[in-house]
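Note: hydrogens, waters and symmetry copies are ignored here, and every other heavy atom, side chains too, is used.
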Amino acid sequence: MPRTLITSAIPYINGIKHLGNLVGSQLPADLYARYCRARGHEVMFICATDEHGTPAELAAAKAGKPVAEYCAEMWQVQKDLADGFRLSFDHFGRSSSPQNHRLTQHFAGRLDAAGLIDERTSEQVYSVADGRFLPDRYIEGTCPNCGFEDARGDQCDNCGKLLDPTDLIEPRSTVSGATDLEVRETKHLFLRQSQLKDRLDQWIDSQEGWPVLTTSIAKKWLHDGDGLQDRGITRDLDWGIPVRKGDAPWPGMEGKVFYVWFDAPIEYIAGTAEWADATGGDWERWWRTDKGADDVRYVQFMGKDNVPFHTLSFPATLLGSGEPWKTVDYLKSLNYLNYDGGQFSTSRGRGVFMDQALDVLPSDYWRWWLLSRAPESSDTEFTWEAFQTDVNKDLADVLGNFVSRVTKFCRSKFGETVPEGGTPGAPEAALIARLSEGLATYERHMDAIEIRKAAGALRALWVAGNEYLQDAAPWSTFKTEPEHAAMQIRLALNLIRLYAVLSRPFIPDAAAAMLRAMGTEDDGWPDDVSAALAVLAPGHAFEVPEVLFSKITDAQREEWATRFAGKRE
RNA sequence: GGCGGUGUAGCUCAGUUGGUUAGAGCAGCGGAAUCAUAAUCCGCGUGUCCGGGGUUCAAGUCCCUGCACCGCCA
């Protein structure tokens with residue numbers, strides 16, 4: 001049995017994610033996980049919240065809560081939303097877990113033992129009133145270049161000039177507004193990625209068939225300018241994983257934590273360990289090639305902004321450890337989803353956020369639209385007009401109506417059982433041939449994680465059913481040859497079950513409703529279309545389901561377009 | 001400023017390693033059917049493939065250059 005390890009980029013703890021974030025990693029990862037399971041793979045699908053760092057601390061402070069409490073609450077919020085979108089994680093972990101503490105410290109210790117860690121001293125701005133060092137962008141002041149009063153320590157938003165925090169006139173902390181800032185020396189650990197440049201380069205060259213987007217980004221970072229830069233992996237913060245060398249203290253690094261980008265990807269492994277601790281499973285057989293993971297295929301999903309960390313930083317950690325860790329085999333990166341001519345904006349509340357989306361429509365609507373229009377080769381655009389017409393057409397008209405017309409016709413002519421009689425002929429053979437070919441196409445695209453193409457292939461299968469029905473015209477044959485009509489409609493009823501099975505990765509709820517209506521639990525992936533279309537035998541009872549997808553009206557569309565146009569607090 | 005991406009039918013986008021008359025879905029127009037959520041099915045596209053050079057027997061597909069939009073970085 002093939003074994004597939006799947007991870008989705010882990011969403012930051014701070015706030016609810018929008019649809020662009022969702023379609024960038026979690027949703028396509030879920031599609032693939034569901035597909036692999038349906039094809040009989042042993043699947044481990046891991047996601048988590050990314051909880052460390054300054055933004056989390058500040059968000060907690062704003063909410064008036066201890067950061068640990070804030071994170072625990074927001075984890076639950078994100079978990080519930082993930083459930084709402086039917087994201088089928090085997091485990092949804094937390095980067096703040098004890099497992100991740102242990103593993104992160106372990107990796108740091110190994111990297112140090114391999115001579116890949118440097119201690120370097122630098123100067124950073126310290127806020128006496130806040131009792132902490134401030135990252136550059138949390139310092140504001142007057143721009144020395146243009147006089148803009150709210151320039152940040154890294155750059156002036158008004159004139160665009162790049163700044164050093166010490167350039168600012170009358171600098172202040174954005175955390176507290178304090179002005180008693182001073183420059184202090186501080187020591188940090190650096191991962192010597194530059195030492196691993198050639199190994200990483202080779203490793204990337206050895207990968208087959210990665211998307212151009214992925215390799216071009218990685219190659220750029222490897223070869224651009226002075227090449228791959230060493231990276232600071234610690235910070236002067238309270239909230240995070242304490243710097244330790246494995247189980248031992250790290251002299252001189254007391255009170256410091258690992259940088260969020262060092263510990264976040266390690267949470268993929270730690271999340272699996274969390275799963276193991278919760279279920280009694282074995283996480284090492286997914287991650288250690290010396291302990292059973294050598295036959296695992298590991299696939300990662302992420303937005304394009306995360307590519308450097310997954311092609312370089314995280315592999316540097318794994319390879320640099322000198323231990324036989326499983327590295328990614330295929331990395332699926334996605335572009336951005338834009339919202340109606342601009343970007344989604346968390347701060348301005350522009351666009352649709354996960355909670356709002358579920359508020360407005362069932363998850364299948366979103367899953368289908370986002371996946372079937374996934375931003376694979378370029379950024380893509382969400383508009384309410386497109387969403388309405390696409391969803392109404394694909395889901396309500398083509399698939400939903402097929403289920404309706406078949407079940408209702410059968411009920412009125414034969415009752416709510418699969419009718420018997422009649423003999424399939426050439427049109428039925430042609431349909432099966434066409435479906436077999438279409439199924440192969442669908443599988444090929446899904447195997448390759450070509451999401452839009454897979455959605456198109458699936459839709460084509462739905463269309464094939466409508467075309468068959470149109471040509472077969474059981475409403476017409478029923479008048480003269482009722483047995484022939486019975487055969488035709490029996491085939492059509494079986495098509496509903498087949499569609500449920502094949503569509504399930506995209507629209508799990510609707511698929512479950514279809515199976516329920518067909519009165520069957522047989523959801524096995526079809527090896528043979530002909531056999532799959534004979535599962536529901538004559539005499540088998542079914543029910544006419546509720547309308548699977550009601551249509552989005554113009555009034556709804558207009559209301560939503562207005563509601564989500566922007567300015568949420 | 002540096003880097004990367006994008007620019008293909010009204011709209012959203014496909015177009016493999018350059019190779020027959022450039023495609024899909026939606027929208028639009030015409031028709032068939034009436035089982036169905038007025039849903040379905042069939043037919044219909046003379047597009048400067050952003051502009052300009054170049055390489056080639058052959059370029060949307062490679063090279064140079066210009067323009068436009070987007071993003072990232074310092």
Side-chain angles (χ1 to χ4, degrees), chain A residues 20 136 154-156 159-164 209 211-221 223-226 229 303-308 333-338 340-344 368-370 372-414 441 444-445 448 450-460 462-479 485 488-489 492-493 496 544-553:
Chain A
D136 293 353
D154 53 350
Q155 181 170 23
C156 174
C159 69
K161 185 172 173 62
L162 298 170
L163 302 169
D164 209 54
V212 181
L213 183 65
T214 302
T215 47
S216 70
I217 291 174
K219 285 289 183 181
K220 174 180 176 289
W221 282 57
H223 301 296
D224 206 37
D226 300 329
Q229 298 299 300
K304 60 183 171 186
D305 51 329
N306 274 339
V307 168
S333 56
L334 289 101
N335 291 280
Y336 295 139
L337 179 69
N338 290 318
D340 204 13
Q343 295 185 333
F344 277 84
W368 174 256
W369 194 87
L370 291 169
S372 63
R373 275 79 183 165
E376 289 180 290
S377 56
S378 64
D379 290 357
T380 190
E381 180 132 354
F382 175 92
T383 65
W384 284 102
E385 289 76 10
F387 178 69
Q388 178 194 24
T389 57
D390 291 342
V391 161
N392 285 353
K393 190 75 185 167
D394 295 348
L395 296 181
D397 297 349
V398 176
L399 177 62
N401 182 57
F402 179 82
V403 173
S404 246
R405 67 194 297 205
V406 169
T407 54
K408 287 181 179 168
F409 178 81
C410 187
R411 179 173 63 185
S412 75
K413 306 299 185 200
F414 301 102
T441 303
R444 195 172 68 244
H445 291 319
E450 293 268 14
I451 300 169
R452 298 174 80 120
K453 289 179 181 171
L458 177 59
R459 197 191 116 99
W462 300 340
V463 168
N466 278 309
E467 285 183 28
Y468 168 76
L469 216 55
Q470 203 64 27
D471 291 343
W475 48 89
S476 177
T477 57
F478 180 76
K479 294 170 189 164
Q488 294 168 328
I489 213 69
L493 286 165
I496 295 175
V544 174
E546 294 292 303
V547 164
L548 281 180
F549 298 99
S550 51
K551 295 204 196 191
I552 298 168
T553 64

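For the pair A:Ser404 (side chain) and A:Asn401 (backbone), a donor-acceptor distance under 3.5 Å is absent.
Rounded to whole Å, the separation between the P atoms of B:G52 and B:U8 comes to 16 Å. If you take atom P in B:G7 and the same atom in B:C49, they sit 14 Å apart, rounded to whole Å. Separation of the C1' atoms belonging to B:A9 and B:G28 is 12 Å when rounded to the nearest angstrom. Nucleotides B:A27 and B:G45 place their C1' atoms 13 Å apart, quoted to the nearest Å. Atom name P, nucleotides B:A39 and B:G47: the rounded distance is 32 Å, in whole Å. The separation of B:U48 from B:G2, taken at their P atoms, amounts to 33 Å, rounded to a whole angstrom. Between the P atoms of B:G5 and B:C41, the separation comes to 40 Å (whole Å). B:A59 and B:G54 are spaced 12 Å apart, taking the C1' atom of each and rounding to whole Å.
Look at A:Arg459 and you'll find a side-chain N or O under 4.0 angstrom from OP1 or OP2 of B:C26.
Judged by Watson-Crick or G-U wobble contacts below 3.5 Å, the nucleotide B:G25 has B:C11 as its partner. The partner of B:U20 cannot be assigned: no Watson-Crick or G-U wobble pair with both contacts below 3.5 Å exists in any strand. In this structure B:A32 sits in a base pair with B:U40, meeting the Watson-Crick or G-U test at under 3.5 Å. In this structure, B:G2 forms a base pair with B:C72, meeting either the Watson-Crick or the G-U wobble geometry with both donor-acceptor distances under 3.5 Å. Using N1 to N3 plus N6-O4 or O6-N4 for Watson-Crick, or N1-O2 and O6-N3 for G-U wobble, each under 3.5 Å, B:U61 pairs with nothing. In this structure, B:U46 makes no Watson-Crick or G-U wobble pair, since no nucleotide meets both defining distances under 3.5 angstrom.
At whole-Å resolution of the value, CZ in A:Arg373 and C1' in B:C11 are 12 Å apart. Whole-Å rounding puts the A:Ile552 CD1 to B:C26 P distance at 16 Å. Rounded to whole Å, atom P of B:U12 lies 17 Å from atom CG of A:Asp394. Between A:His445 atom NE2 and B:C13 atom P there is a gap of 19 Å when expressed in whole angstrom units. In this structure, CG of A:Asp390 is placed 9 Å from P of B:C26, rounded to the nearest angstrom.
Residues that satisfy the ring pair (Phe, Tyr, Trp, His ring centres under 6.0 Å) test with A:Tyr468, not counting sequence neighbours, are absent from this structure. Take A:Arg373 and apply the side chain to side chain donor-acceptor pair (under 3.5 Å) test, not counting sequence neighbours, and it matches A:Asp390, A:Asp394.
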Summarise how protein sits on nucleotides 31-40 of chain B as a single string, 5' to 3': B when a protein heavy atom is under 4.0 Å from the base, S for sugar-phosphate-only contact, - for no contact.
-BSSBBB-SB
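In terms of heavy-atom proximity, A:Lys551 sits nearest to A:Asn392 at CA-OD1, 3.4 Å. Annotation for A:His445 and A:Ala457: closest pair CD2-CB, 4.3 Å, computed over non-hydrogen atoms.
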Set out, in order, the CA-CA distance, both residues' side-chain angles and the distance that settles ring pair (Phe, Tyr, Trp, His ring centres under 6.0 Å) for A:Phe387 and A:Trp384, then state yes or no.
CA-CA 5 Å; A:Phe387 178 69; A:Trp384 284 102; 5.8 Å; yes
Show the numbers, then the answer: is there a side chain to side chain contact (heavy atoms under 4.5 Å, CB included) between A:Phe549 and A:Val391?
CA-CA 9 Å; A:Phe549 298 99; A:Val391 161; 6.0 Å; no
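Ring pair A:Trp368/A:Trp462 is tilted by interplanar angle, where 30° to 60° counts as tilted.
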